[in-house]
Protein chains: 2
Amino acid sequence: MPGEQRNAPRTRREVIEAAARALITHGPAVSLDAVAKEAGVSKGGLLHHFRSKQALIVGLIDEWFEHYDATVARLLEPEDTPGRWTRAHIRATFEPAGLWSHPSVVTALLGVPELQQRLDVAATRWRQQTDSDGLHPQRADLISRALDGVTLADLLWRDQETSEERAQTRDLLLKLTEQTGPVV
Amino acid sequence: MPGEQRNAPRTRREVIEAAARALITHGPAVSLDAVAKEAGVSKGGLLHHFRSKQALIVGLIDEWFEHYDATVARLLEPEDTPGRWTRAHIRATFEPAGLWSHPSVVTALLGVPELQQRLDVAATRWRQQTDSDGLHPQRADLISRALDGVTLADLLWRDQETSEERAQTRDLLLKLTEQTGPVV
DNA sequence: AGTAACGTACCGTCCAGACGGTCGGTTAGG
DNA sequence: CCTAACCGACCGTCTGGACGGTACGTTACT
């Protein structure tokens with residue numbers, strides 16, 4: 001069975017996903033033991049791929065950013081109209097949340113210093129995408145903040161909101177990208 | 001010296017503030033020892049006021065909500081005009097951040113299960129305040145999300161934003177409360 | 001008023017257990 | 001046969017919190 005054979009990148013990915021699952025079930029302070037068990041690998045094997053617990057969490061962070069950027073790219077409209085980057089970010093934010101956007105996972109990520117640097121890099125990239133997007137800066141800023149708020153609400157008030165309310169918020173934000181002047 | 005004498009509520013408050021300071025300096029996983037030292041109390045004394053580490057964090061959470069609500073009340077306009085509750089929340093969100101809104105502190109709070117319940121209660125209260133505030137629901141929702149986003153940005157991108165940009169965002173949100181129809 | 005009795009605030013020590021990480025060994029692949 | 005993937009036992013450290021004790025404040029009774 002070829003899938004069972006040794007395969008470093010595959011094992012790496014499986015460990016990362018197992019870490020996310022273990023974080024959700026065991027809380028933000030999971031032991032490496034629990035993660036290893038969840039991944040079907042020994043603790044030594046886990047530490048072969050990630051030299052420390054921090055390294056493992058950083059792996060999770062990188063995976064998360066990769067996934068988000070891929071989602072934005074996938075949702076980008078082909079025609080080059082004003083606000084297309086912003087709209088892609090809006091759609092990406094409202095995509096069904098994966099394993100990553102769970103409170104326990106986020107808590108674990110927050111505990112690691114490297115997060116700040118990755119966030120800065122990502123923020124700069126995202127800002128570049130939306131800055132030359134043809135929207136009024138004030139408008140772009142309002143939408144960005146609202147998107148951050150949606151993300152936070154997903155974390156803090158899960159399932160407090162119906163899918164209709166969600167869709168309404170998304171449509172409002174999308175509509176806001178169809179005008180280019182100042183909001184007020 | 002009367003201030004030095006035994007005084008349970010005073011000690012309790014001092015321990016809570018010390019916990020916040022210790023969280024900031026020692027990170028989200030401070031030991032009770034460190035908190036006790038910071039508060040100028042023995043570990044045994046600390047555990048007399050808070051029966052467990054969780055109980056201490058819950059104390060922090062309650063203090064935080066109390067403080068926020070007091071701030072909103074302080075910033076409430078006397079005249080009963082449409083959008084006054086929303087404006088108070090906007091001003092409260094943009095108040096200079098205290099000890100509480102530090103990443104390490106928030107990370108610690110996120111780790112405790114009781115947070116969810118307190119958040120639900122607070123969210124309901126805040127929703128009641130803004131629901132009968134005379135603004136169009138869509139408008140109120142947009143502003144709420146943007147405020148959440150500002151809070152998140154404070155945590156993740158501290159000092160990435162100039163005070164002018166901050167003020168502009170605040171003024172935009174305040175202006176949005178001065179119309180009562182739908183946004184688009 | 002004096003004091004005994006009692007409850008509460010606070011102290012300092014101790015320990016069981018958990019956890020991160022190391023290391024020598026073993027197996028598979030090229 | 002050599003390197004990389006992987007195992008599993010082991011160790012040193014740290015921490016939460018239990019516990020037995022002390023000192024202070026307050027009430028009750030004389």
Side-chain angles (χ1 to χ4, degrees), chain A residues 1-61 104-105 107-114, chain B residues 1-61 104 107-109 111-114:
Chain A
M1 203 184 291
E4 298 296 336
Q5 285 175 12
R6 295 189 171 187
N7 184 333
R10 158 198 284 261
T11 305
R12 230 188 103 96
R13 278 202 315 275
E14 273 170 7
V15 167
I16 288 185
E17 283 170 24
R21 286 195 302 269
L23 276 168
I24 292 175
T25 58
H26 291 77
V30 225
S31 67
L32 291 182
D33 240 342
V35 174
K37 210 162 283 177
E38 171 78 32
V41 93
S42 75
K43 197 165 140 187
L46 189 159
L47 284 164
H48 171 72
H49 290 282
F50 300 96
R51 277 183 308 199
S52 72
K53 194 178 191 177
Q54 262 206 23
L56 173 60
I57 308 287
V58 171
L60 252 176
I61 293 178
S104 293
V105 179
T107 304
L109 303 195
L110 279 174
V112 108
E114 275 91 339
Chain B
M1 201 183 291
E4 299 295 337
Q5 283 176 13
R6 296 189 171 189
N7 184 334
R10 158 199 284 261
T11 306
R12 231 188 102 95
R13 278 201 315 275
E14 274 170 6
V15 167
I16 287 185
E17 283 169 24
R21 286 195 302 270
L23 275 169
I24 292 175
T25 58
H26 291 76
V30 225
S31 68
L32 292 181
D33 236 343
V35 174
K37 210 162 284 177
E38 172 78 32
V41 93
S42 77
K43 196 166 140 187
L46 189 158
L47 283 165
H48 171 74
H49 290 281
F50 301 94
R51 276 182 308 200
S52 71
K53 194 178 190 178
Q54 262 205 22
L56 173 60
I57 307 288
V58 171
L60 252 176
I61 293 178
S104 292
T107 302
L109 303 196
V112 106
E114 275 90 340

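Protein chains get the first letters and strands the later ones, always in sequence-line order, with residue 1 at the start of each.
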* Phosphate oxygens OP1/OP2 of C:dA9: is one of them under 4.0 Å from a side-chain N or O of B:Thr11? -> no
* Gap separating the CD1 atom of B:Ile61 from the CD atom of B:Glu114, nearest 0.5 angstrom -> 7.0 Å
* Euclidean distance, B:Ile16 CD1 relative to B:Ile57 CD1, rounded to 0.5 Å -> 10.0 Å
Spacing between [X] atom [atom1] and [N] atom [atom2], to the nearest angstrom:
X       : N      : atom1 : atom2 : answer
A:Leu32 : D:dA9  : CG    : C1'   : 16 Å
B:His26 : D:dC14 : NE2   : P     : 13 Å
B:Asp33 : C:dT13 : CG    : P     : 11 Å
B:Arg10 : C:dC10 : CZ    : C1'   : 15 Å
A:Leu56 : C:dG21 : CG    : C1'   : 14 Å
A:Lys43 : C:dG20 : NZ    : P     : 6 Å

* **Heavy-atom side-chain proximity of A:Leu60 to A:Val112 below 4.5 angstrom** => no
* Taking for each residue the nucleotide of DNA chain C with the nearest heavy atom, is it B:Gly44 or A:Ala29 whose nucleotide lies nearer the 5' end? ->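 This one resolves to B:Gly44.
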Distance-only donor-acceptor pairs under 3.5 Å for side chains of residues 25-47 of chain B, two or more places apart:
unit_1, atom_1, unit_2, atom_2, d
B:Thr25, OG1, B:Arg21, O, 3.3
B:Thr25, OG1, B:Ala22, O, 3.3
B:His26, ND1, B:Ala22, O, 3.3
B:Ser31, OG, B:Ala34, N, 3.1
B:Glu38, OE2, B:Arg21, NE, 2.6
B:Glu38, OE2, B:Arg21, NH2, 3.4
B:Ser42, OG, B:Gly44, N, 3.4
B:Ser42, OG, B:Gly45, N, 2.9

* Asked: Is the shortest distance from a Lys or Arg side-chain nitrogen in B:Glu17 or B:Arg13 to a carboxylate oxygen in the other one below 4.0 Å?
  ->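 No, this pair does not count.
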* To do: Select base, sugar-phosphate, or nothing to describe what B:Val30 touches, counting heavy atoms under 4.0 Å on all strands.
  =>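 Sugar-phosphate, backbone atoms only, no base.
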* Structure fact -> In short, A:Phe50 meets A:Val15 closest at the heavy-atom pair CE1-CG1, 3.7 Å
* Listed in order of residue number, which residues of residues 46-54 of chain B have a non-hydrogen atom at under 4.0 Å from DNA chain D? ->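 Of all residues in residues 46-54 of chain B, the ones placing a heavy atom under 4.0 Å from DNA chain D are B:Leu47, B:Ser52, B:Lys53.
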Show the distances under 3.5 angstrom between N or O atoms of the protein and N or O atoms of nucleotides 27-30 of chain C.
unit_1, atom_1, unit_2, atom_2, d
C:dT27, O2, A:Arg6, NH1, 3.0
C:dT27, O2, A:Arg6, NH2, 3.3

